[in-house]
Amino acid sequence: MDARNNRSDFQLTLPSDYEIRLTRSFSAPRELVWIATTQPEHVKRWWSCDRFALTVCDIDLRVGGGYRYVMPGRDGSEHRFKGVYREVIRPQRLVYTQIYDVESYADREAIVVTTFDEKAGRTLYTSIITHLSREDRDNHIASGMEAGSAIALDRLADLLLTLT
């Protein structure tokens, strides 16, 4: 799988049976991308797709600290995500767990490794999500996360323009 949207260099690839890799570059230094992806007031502005808004965004950015995101659906359902930070190396690397905290998925933990590589004032954002099984990975892909991620990362690019 190799998907791109028309607005950016966003790519989603499947490097293994368990992994999803998202990449996108931004015209911003990595320190700024780091801030926009780790501070709740900024994350609330971009981390969701068009159908949802992020209404709860709690981040305790330290090893052993956690995060919790909640997006209410139009049907009254809640889409909840949570995890624990395992590695925090500012402004270059984050490792954390990710759980889609709804019934039938809440016992399935993925590991997310996000890196921020800067060259000539541009930052390459790479996020690799490793699932417990191919079935979990494929269910994640089938959820619409590809389109949602592209939209969210476009929103992040727009936000970065306002922060520079």
Side-chain angles (χ1 to χ4, degrees), residues 3 5 7-12 20-88 90-91 93-116 123-131 136-137 139-164:
N5 70 17
R7 187 164 172 231
S8 71
D9 62 352
F10 171 78
Q11 283 189 294
L12 183 149
I20 301 168
R21 178 189 297 134
L22 307 172
T23 60
R24 191 192 197 284
S25 64
F26 300 99
S27 296
R30 74 177 173 182
E31 178 66 27
L32 194 60
V33 179
W34 174 272
I35 288 169
T37 57
T38 59
Q39 294 184 359
E41 67 271 22
H42 300 308
V43 174
K44 286 178 88 170
R45 295 175 59 188
W46 68 269
W47 200 94
S48 66
C49 62
D50 282 343
R51 295 180 300 153
F52 303 101
L54 192 60
T55 57
V56 174
C57 180
D58 299 325
I59 296 174
D60 179 10
L61 189 63
R62 61 182 173 84
V63 173
Y67 68 93
R68 185 173 74 98
Y69 300 162
V70 177
M71 298 183 301
R74 291 183 179 138
D75 62 356
S77 63
E78 282 194 342
H79 301 271
R80 299 179 302 271
F81 297 85
K82 68 179 183 181
V84 174
Y85 294 104
R86 292 183 170 184
E87 189 176 338
V88 178
R90 181 184 181 138
R93 181 177 164 94
L94 275 177
V95 179
Y96 56 93
T97 60
Q98 181 175 10
I99 296 172
Y100 181 44
D101 194 19
V102 299
E103 192 171 327
S104 80
Y105 294 101
D107 64 339
R108 303 235 175 273
E109 182 178 87
I111 304 296
V112 181
V113 177
T114 301
T115 56
F116 306 82
T123 299
L124 177 63
Y125 169 98
T126 303
S127 191
I128 299 174
I129 305 162
T130 304
H131 288 278
D136 287 352
R137 181 204 69 177
N139 285 337
H140 194 180
I141 293 292
S143 72
M145 66 85 64
E146 181 178 354
S149 296
I151 291 167
L153 293 174
D154 283 348
R155 285 184 176 174
L156 175 57
D158 292 342
L159 173 65
L160 289 166
L161 291 174
T162 69
L163 299 177
T164 55

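Values below: all heavy atoms of this structure, side chains included; hydrogens, waters and symmetry mates excluded.
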Close side-chain approach of [X] and [Y], heavy atoms under 4.5 Å:
{"X": "D154", "Y": "R24", "value": "yes"}
{"X": "I20", "Y": "I141", "value": "yes"}
{"X": "R21", "Y": "T23", "value": "yes"}

field: Any donor-acceptor pair under 3.5 Å from T55 side chain to V70 backbone
entry: yes
message: Quick check against the 3.5 Å criterion: does T97 have a side-chain atom that pairs as donor or acceptor with the backbone of V84?
response: yes
- request: Please list, chain by chain and in numerical order, all residues satisfying side chain to side chain contact (heavy atoms under 4.5 Å, CB included) with D60, sequence neighbours excluded.
  value: R62
How long is the straight-line distance from [atom2] of [Y] back to [atom1] of [X], given to the nearest 0.5 Å?
{"X": "R93", "Y": "T115", "atom1": "CZ", "atom2": "OG1", "answer": "7.5 Å"}
{"X": "T114", "Y": "I128", "atom1": "OG1", "atom2": "CD1", "answer": "9.0 Å"}
{"X": "F26", "Y": "D158", "atom1": "CZ", "atom2": "CG", "answer": "10.0 Å"}
{"X": "H79", "Y": "S143", "atom1": "NE2", "atom2": "OG", "answer": "10.0 Å"}
{"X": "L153", "Y": "L12", "atom1": "CG", "atom2": "CG", "answer": "10.5 Å"}

query: Can you list every pair that meets ring-ring contact (aromatic ring centres under 6.0 Å, His included) and has a residue in residues 28-50, with sequence neighbours left out?
result: W34-F116, W47-Y69, W47-F81
- line: Applied to residues 140-162, the ring-ring contact (aromatic ring centres under 6.0 Å, His included) test, sequence neighbours excluded, yields H131-H140
message: If the condition is ring pair (Phe, Tyr, Trp, His ring centres under 6.0 Å), which residues does Y96 pass it with, not counting sequence neighbours?
response: Y67, Y85
Taking every non-hydrogen atom, the tightest pair across [X] and [Y]:
{"X": "C57", "Y": "P40", "answer": "O-CB, 3.4 Å"}
{"X": "A36", "Y": "L163", "answer": "CB-CD1, 4.1 Å"}
{"X": "T37", "Y": "L156", "answer": "CG2-CD2, 3.7 Å"}
{"X": "L22", "Y": "I129", "answer": "CD1-CD1, 4.4 Å"}
{"X": "T123", "Y": "P29", "answer": "OG1-C, 3.1 Å"}
{"X": "S48", "Y": "I151", "answer": "O-CG2, 4.4 Å"}

field: Intermediate values then yes/no, side chain to side chain contact (heavy atoms under 4.5 Å, CB included), L54 and V43
entry: CA-CA 8 Å; L54 192 60; V43 174; 4.0 Å; yes
- request: Any chance you could lay out the side chain to side chain contact (heavy atoms under 4.5 Å, CB included) test for V88 and L94, step after step, and finish with the verdict?
  value: CA-CA 5 Å; V88 178; L94 275 177; 4.0 Å; yes
field: Residue pairs passing the salt bridge (charged side-chain N to carboxylate O under 4.0 Å, His left out) test where at least one lies in residues 107-116, sequence neighbours excluded
entry: R86-E109, R108-D136
- prompt: What salt bridge (charged side-chain N to carboxylate O under 4.0 Å, His left out) pairs are there with at least one residue in residues 28-46, not counting sequence neighbours?
  reply: E31-R90
query: Going by an N to O cut-off under 4.0 Å, is there a salt bridge joining R68 and D101?
result: no
message: Using side chain to side chain contact (heavy atoms under 4.5 Å, CB included), reason through S149 and F10 one step at a time and then give a plain yes or no.
response: CA-CA 9 Å; S149 296; F10 171 78; 4.0 Å; yes
- request: For the pair L160 and L32, evaluate side chain to side chain contact (heavy atoms under 4.5 Å, CB included) and give the outcome as yes or no after the intermediate values.
  value: CA-CA 7 Å; L160 289 166; L32 194 60; 3.9 Å; yes
